[in-house]
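Worksheet for the structure shown next.
Positions are given from 1, in the same order as the sequence printed here. Start at 1 and go down the list; that is how both ligands and their atoms are numbered.
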Amino acid sequence: MSRIADNAPLKQLDEWDDFVATRYRQDKSEEEFRNYKADANPTVTEFYRQNHAYQTLDFVKAKKAEYCALNRGKKSIWEMAEYLNTLVDDSDPDTDLTQIEHLLQTAEAIRKDGHPRWFVLTGFLHDLGKVLCLYGEPQWAVVGDTFPAGCGYSDQVVFPEFFAANPDSKIPAYQTKYGIYEPNCGLDKVHLSFGHDEYIFQATRKYLPKEAQYMLRYHSFYAAHRHDAYRYLMNEQDERMFEWVRKFNPYDLYSKGRERPKTQDILPYYEELVSEFFPDKIDW
Ligand SMILES: [Fe+2]
Ligand SMILES: [Fe+2]
């Protein structure tokens, strides 16, 4: 398989999302859960091998400097959603949801449960950062469970053994419990591995409530929001706001099996929702 050797081991980006959803399948026993490797096919495993090996502190800082200044031009939320939809990979158009459909499905599940409008909107926005792939970033810099760089790796991160190949694992100052950070310094000061979470958070933070910002920024930080890892880096605000990250997660994981959203019917609602919070165009 030639993909194994290159930077795109996943046939489609959603393969990672699907793996996470299987990992946290609702009817799973504790034992099945700990045996997550059984759910990972060779491409997903290779993807994590790359992600854990290449996401160094220097890499994270460089990518933040590159993207978080938001100097890639102005676009509306809808233009960005359409752009993301051009990401087709090897997906099957008959059965696989488009990127916009995944966003709408997540948002619709939130709307049906009667949550506030900003929460529904957050569901619609949450994976827009995957456009990083269209900017030419490798899969391992776009998706994957996020983890702090610059401090010791928690064994609550999936495939922790792959961190041995990360050059940071040879830097003693990065391998203590706190590494370069202060105890309970707050996650805002912590450099998480780079990906679609950080990018969509940065692009939209000015327009959304704190709760929404947390949901976007940390939705892939499974070690923390699912396994309580790294609490020694979190401050009081993080602790409070992670309740919302946890509230959001099931909609991301479990809305996929639902029926295909009737895009044309619900579009007017989402057009109004987006324009309630966002100006015509924002910086990306
Ligand atoms: Fe995501
Ligand atoms: Fe998602």
Side-chain angles (χ1 to χ4, degrees), residues 10-26 39 44 47-48 51 55 60 63 67-68 77 80-81 83-85 87-89 91 96-113 115 119-135 137-147 157-158 187 192-205 208 211-226 242 244-261 263 270 284:
L10 303 174
K11 281 196 289 296
Q12 33 169 314
L13 223 46
D14 292 10
E15 243 190 282
W16 169 71
D17 304 83
D18 294 343
F19 165 68
V20 179
T22 312
R23 219 166 79 203
Y24 297 111
R25 222 176 50 228
Q26 282 156 311
D39 299 323
V44 165
F47 162 78
Y48 277 106
N51 174 274
Q55 290 265 3
V60 173
K63 286 297 149 187
Y67 289 112
C68 300
I77 295 291
M80 218 40 168
Y83 182 44
L84 181 63
N85 237 18
L87 185 77
V88 282
D89 311 295
S91 55
D96 292 328
L97 294 179
T98 65
Q99 297 293 328
I100 289 184
E101 283 172 326
H102 168 62
L103 295 176
L104 286 173
Q105 210 169 40
T106 307
E108 281 291 280
I110 295 166
R111 178 152 77 123
K112 286 206 178 78
D113 282 353
H115 290 298
F119 194 159
V120 180
L121 177 62
T122 304
F124 178 67
L125 301 170
H126 82 279
D127 277 342
L128 279 185
K130 289 180 179 174
V131 294
L132 286 167
C133 235
L134 296 165
Y135 296 166
E137 292 299 331
Q139 292 171 343
W140 55 263
V142 181
V143 293
D145 301 48
T146 55
F147 58 86
V157 181
V158 285
L187 292 179
L192 290 195
S193 53
F194 187 74
H196 70 290
D197 306 56
E198 180 69 14
Y199 184 48
I200 191 58
F201 158 72
Q202 293 290 352
T204 59
R205 60 188 298 181
L208 298 173
E211 292 84 352
Q213 294 174 29
Y214 266 80
M215 291 171 179
L216 294 176
R217 195 177 202 182
Y218 301 113
H219 75 271
S220 304
F221 193 10
Y222 283 89
H225 69 68
R226 277 275 174 163
F242 261 59
W244 291 94
V245 179
R246 290 187 191 98
K247 221 171 269 188
F248 172 75
N249 184 239
Y251 296 107
D252 189 13
L253 288 184
Y254 308 127
S255 50
K256 241 190 172 177
R258 302 187 181 206
E259 62 188 280
R260 216 173 185 125
T263 306
Y270 285 95
W284 291 94

Partners passing salt bridge (Lys or Arg N to Asp or Glu O under 4.0 Å) against E211 (at least two apart in sequence or in another chain): none
Indicate yes or no: does D18 engage R23 in a salt bridge with an N to O separation below 4.0 Å. no
Return the set of residues passing salt bridge (Lys or Arg N to Asp or Glu O under 4.0 Å) with D197 (not counting sequence neighbours), or none when no residue passes. none
Results of side chain to side chain donor-acceptor pair (under 3.5 Å) for H115 - residues two or more places apart only: Y251
I want to verify a count. Protein N, O or S atoms less than 2.8 Å away from the Fe ion (ligand 2), how many are there? 4
Determine, for F124 and R111, whether the Lys NZ or Arg CZ falls below 6.0 Å from the six-membered ring centre while staying within 45 degrees of the axis. no
Pairwise side-chain contact, H219 with N249, heavy-atom cut-off 4.5 Å (strictly under): no
